[in-house]
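Here's the structure we're looking at; comments come further down.
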Amino acid sequence: MTDAAPIGFIGLGVMGEPMCRNLARKSGRSIIAFDLDPAPVTRLAGDGVAAVAALAEVGRMAGIVFLSLPGGKEVEAVVTSALLAHARPGQTIVDLSTSPVALTRELAGQLAARGADYADAPVARTRQAAETGTLSIMVGAKPHVFQRIEPFLSTFASDVTHCGDIGCGQVVKIMNNMIIMENVVALAEAWAIGRRAGVDGKLLFETLTKGSADSFSLRNHGMKAILPDAFPERAFSTEYALKDLSYALELARQNGVPVRGAEVARQLLEEAKAEGYGANYWPIIARIVDAAAR
């Protein structure tokens, strides 16, 4: 596959659109893109991104194809229905989504049978980080594949880590999300207890940032979501959080590890979804914890 082949990008949602924009602006390569929603494709035209009419066209034309999709189900559908038929030696498919480890390795095997390479490269951090090009990306790939894709990943990430062979990027990302969700359960409980015990909630969280309880979750999920009771839609939703946590629970079962903390987080997320908060930013589990207090 020559450098003349365009780079393909499939999935231009909350994270995909700014990632694709940075790729177009910084990579020096021609970019083709597809999304079911024509609006982000139209917006990206100003950065030189060319729209294609069908998923299969991305697979046929592109040397490297990036996928930024909601989860494993969508990734599997796109690869098997549109990309696999056009897979060929020298082509690389890169999954930026958070997907199950077993599925990642299965798809990599199917593509390898046709001579194509696969890499899992799930992204971490926020939409703002996607816009500023400061994401963290955890990559599972053969060393030569990592070397091939790292310069492109670096157009929208400030930290790109090679975590090992296929699937290892997903393992690290899934563990990252599991830890964050368990941290937010602790923050929600501290929030409910502290205020009922007579401490101002803002003072509580601000003071915790000065001690050993300080964390990314406290400063972001706690200070920017739980404290102002702000859980918008079009952020990382309760439904998405449940999806990612299900991958962690599946991985734990496969490896024989009991995960009691993750089960508590799953229960709270399911309760939040049942209360109608499925589309809201997932730290809304704090409302569930608070409502249960007596």
Side-chain angles (χ1 to χ4, degrees), residues 1-71 74-75 78-79 82-83 86-87 90-99 111 116-141 144-163 169-170 173 236:
M1 197 66 60
T2 70
D3 286 348
I7 296 174
F9 207 105
I10 297 172
L12 303 171
V14 171
M15 300 293 281
E17 181 180 351
M19 285 192 286
C20 186
R21 180 173 291 109
N22 276 309
L23 181 66
R25 290 176 176 177
K26 301 175 186 178
S27 69
R29 295 281 291 274
S30 60
I31 311 295
I32 58 175
F34 177 87
D35 194 273
L36 294 173
D37 181 359
V41 184
T42 301
R43 289 192 292 267
L44 287 167
D47 293 289
V49 177
V52 294
L55 277 170
E57 286 297 287
V58 180
R60 184 182 66 81
M61 297 171 63
I64 297 175
V65 180
F66 289 102
L67 309 177
S68 180
L69 300 167
E74 293 80 7
V75 169
V78 167
V79 171
L83 299 184
H86 297 283
Q91 187 179 52
T92 307
I93 310 299
V94 184
D95 180 19
L96 302 169
S97 323
T98 304
S99 302
L111 288 161
D117 292 310
Y118 193 75
D120 49 297
V123 303
R125 298 181 182 150
T126 63
R127 177 183 173 87
Q128 180 62 34
E131 291 172 347
T132 58
T134 55
L135 291 167
S136 173
I137 302 182
M138 296 143 255
V139 184
H144 72 279
V145 176
F146 177 75
Q147 290 175 7
R148 183 187 308 153
I149 64 175
E150 190 274 336
F152 302 109
L153 296 174
S154 292
T155 65
F156 47 84
S158 55
D159 294 283
V160 181
T161 305
H162 187 203
C163 299
Q170 295 292 359
K173 172 62 189 301
F236 193 80

Nearest heavy-atom contact between Gly8 and Ala62 is N-CB, 3.5 Å

**Message:** I'd like to check Phe9 versus Ser68 (side-chain heavy atoms, cut-off strictly below 4.5 Å). Are they in contact?
**Reply:** yes

Rounding to 0.5 Å, atoms CD1 (Ile7) and CG (Leu23) come to a distance of 5.0 Å

Any donor-acceptor N/O pair, Arg125 side chain to Thr134 backbone, under 3.5 Å: yes

Answer yes or no: is there a side-chain heavy-atom contact under 4.5 Å between Ile10 and Leu69?
yes

Tell me whether His162 contacts the main-chain N or O of Ala141 through its side chain, where contact means a donor paired with an acceptor under 3.5 Å.
yes

Closest non-hydrogen contact found for Ala5 with Arg29 is O-NH2, 2.9 Å

Check whether Asp47 reaches the backbone of Val49 with its side chain - one donor and one acceptor, N or O, closer than 3.5 Å. no

- Message: Assess the residue pair Val78 and Phe34 against the criterion (side chain to side chain contact (heavy atoms under 4.5 Å, CB included)); give the C-alpha distance rounded to whole Å, side-chain angles, the decisive distance to 0.1 Å, and a yes or no.
- Response: CA-CA 11 Å; Val78 167; Phe34 177 87; over 6 Å; no

Between the CG atom in Asp120 and the CD1 atom in Ile93, the distance rounded to the nearest 0.5 Å is 13.5 Å

TODO: Taking the side chain as every heavy atom from C-beta outward, state whether Leu96 and Leu153 have any pair of such atoms under 4.5 Å apart.
DONE: yes

Just by distance, do the side chain of Lys26 and the backbone of Thr155 share a donor-acceptor pair under 3.5 Å?
yes

* Asked: So, the side chain of Gln91 versus the backbone of Leu111: is there a donor-acceptor pair under 3.5 Å, distance only?
  -> no

Heavy-atom closest pair (Ile31 atom, Ser27 atom, distance to 0.1 Å) is CD1-OG, 4.0 Å

Checklist line | Beyond-backbone contact of Val79 with Leu67, side-chain heavy atoms, under 4.5 angstrom | finding: yes

Quiz item: Is Glu150 reaching over with its side chain to a backbone N or O of Gln147, donor-acceptor style, under 3.5 angstrom?
Solution: no

inquiry  = I'd like to know if the side chain of Gln170 reaches the main chain of Ser99, judged simply by a donor and an acceptor atom lying under 3.5 Å from each other, with no hydrogens or angles considered.
reply    = yes

Does any N or O in the side chain of Arg25 come within less than 3.5 Å of the main-chain N or O of Gly48, such that one atom is a donor and the other an acceptor?
no

Report task. Kindly say whether Glu131 contributes a backbone atom to a donor-acceptor pair with the side chain of Asn22 at under 3.5 angstrom? Result -> yes

Margin query: Using 30° and 60° as the class boundaries, would you call the ring planes of Phe152 and Phe66 parallel, tilted or perpendicular?
Written below: perpendicular

*Should Arg148 and Asp117 count as an ion pair when the cut-off is N to O under 4.0 Å?*
yes

Heavy-atom nearest pair, Tyr118 first then Val145, reads O-CG1, 4.4 Å

Within the structure provided, determine whether Leu135 and Met15 are in side-chain contact (heavy-atom separation under 4.5 Å). yes

Closest non-hydrogen atoms of His86 and Ala82, given as atom of the first, atom of the second and distance, are CD2-O, 3.5 Å

Looking only at heavy atoms, the pair that brings Val75 and Ser97 closest together is CG2-OG, 3.7 Å

